[in-house]
Amino acid sequence: GAGVSQTPSNKVTEKGKYVELRCDPISGHTALYWYRQSLGQGPEFLIYFQGTGAADDSGLPNDRFFAVRPEGSVSTLKIQRTERGDSAVYLCASSLSGTSYEQYFGPGTRLTVT
Amino acid sequence: GESVGLHLPTLSVQEGDNSIINCAYSNSASDYFIWYKQESGKGPQFIIDIRSNMDKRQGQRVTVLLNKTVKHLSLQIAATQPGDSAVYFCADLTGGGNKLTFGTGTQLKVEL
């Protein structure tokens, strides 16, 4: 079956611009996660959705970052006033439920802020 | 804060040999550990997991060992193949929470 998909695969933007990154989880998965991975590092947690609500957003670095999941399926990570330090690979993962520990990751979106 | 870290950044092995990747964790409250494999340009792929009430778990060609006394986790890959070349991460989950805390990764290189 189809796995987690993310679009775009690559995004180059100028400092100060606004970007949206999209995640399509595995069909039927109620839990969705966003992580950020810098070069040579492990992924870092950003936010976790259970259904439509953000159950844990403690990893969002500041108020320029926001994520939504209005219908409990597709999620969008939004970054305002991008900075060069936001450059990273943004990974999305989904799991069957919030109590299912196995998270399935998408290929990520590589964001480059120039 | 608490962290999960790895001993070696790069491990080179000959094809057919066994590989051992190590990981140290600092949070004694961690109750679930996972190993992920990440190939270039792809997201992490689940390999095997282990709960804190176990000390060993085996999968297909992989074994995870957990030593809670010294807070150490290892991944053993039997008969390493070129397709095993990737970065391997250990990650932990604490207190029933849902966010994974990853280490920095070990690059496994399989030499022919």
Side-chain angles (χ1 to χ4, degrees), chain A residues 2-10 21 23-26 29-51 53-61 67 88-110, chain B residues 1-10 21-27 30-54 57 59 64 73 75 86-108:
Chain A
V4 177
S5 62
Q6 293 185 245
T7 54
S9 56
N10 281 283
L21 312 178
C23 171
D24 281 87
I26 293 172
H29 280 197
T30 63
L32 184 146
Y33 313 80
W34 284 99
Y35 292 82
R36 177 168 71 172
Q37 186 174 24
S38 300
L39 190 63
Q41 302 295 316
E44 294 179 310
F45 171 83
L46 295 176
I47 187 169
Y48 152 57
F49 286 89
Q50 179 56 49
D56 183 350
D57 64 357
S58 62
L60 294 177
V89 174
Y90 289 81
L91 293 163
C92 177
S94 69
S95 64
L96 191 58
S97 71
T99 56
S100 173
Y101 294 145
E102 190 167 340
Q103 298 182 18
Y104 297 85
F105 282 82
T109 293
R110 180 175 296 280
Chain B
E2 302 287 2
S3 66
V4 176
L6 295 173
H7 292 305
L8 297 173
T10 303
I21 301 172
N22 296 302
C23 176
Y25 64 95
S26 57
N27 187 353
S30 296
D31 52 18
Y32 182 69
F33 302 88
I34 312 101
W35 281 100
Y36 281 92
K37 172 186 179 183
Q38 187 173 27
E39 296 174 283
S40 181
K42 297 183 179 179
Q45 177 187 0
F46 175 94
I47 301 174
I48 191 168
D49 58 0
I50 188 168
R51 295 187 182 275
S52 60
N53 61 355
M54 302 170 67
R57 190 168 188 214
V64 56
L73 193 68
L75 176 70
V87 176
Y88 289 80
F89 294 96
C90 63
D92 76 331
L93 201 63
T94 305
N98 299 86
K99 57 184 177 184
L100 294 169
T101 301
F102 286 82
T104 54
T106 293
Q107 173 78 55
L108 176 65

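Letters go in sequence order (proteins before strands), and every chain restarts at 1.
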* Answer with side chain, backbone, both or neither: which region of B/Ile34 has an atom nearer than 4.5 Å to a non-hydrogen atom of chain A? =>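 Neither; nothing under 4.5 Å.
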
* Structure fact -> So, the part of B/Gln38 with a heavy atom under 4.5 Å from chain A: the answer is side chain

Which atom names give the shortest non-hydrogen contact between [X] and [Y], and what distance separates them?
| X | Y | answer |
| --- | --- | --- |
| B/Gly43 | A/Leu91 | CA-CD2, 4.0 Å |
| B/Tyr36 | A/Gln103 | OH-O, 3.5 Å |
| A/Phe105 | B/Pro44 | CB-O, 3.4 Å |

* Could you tell me whether the side chain of B/Leu100 reaches within less than 4.5 Å of the side chain of A/Tyr33, counting heavy atoms only? => no

* To do: Check whether A/Ser58 gets within reach of chain B through its side chain, its backbone, both or neither, counting any heavy atom under 4.5 Å.
  =>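 Only the side chain of A/Ser58 comes within 4.5 Å of chain B.
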
* Asked: Any idea which of A/Glu44, A/Gln37, A/Gln50, A/Arg110 has the most non-hydrogen atom pairs under 4.5 angstrom with chain B?
  -> A/Gln37

* Asked: What's the spacing between B/Phe102 CZ and A/Tyr35 OH if we round to 0.5 Å?
  ->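 Answer rounded to 0.5 Å: 5.5 Å.
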
* Structure fact -> dist A/Leu46:CG -> B/Lys99:NZ (nearest 0.5 Å) comes out at 10.5 Å

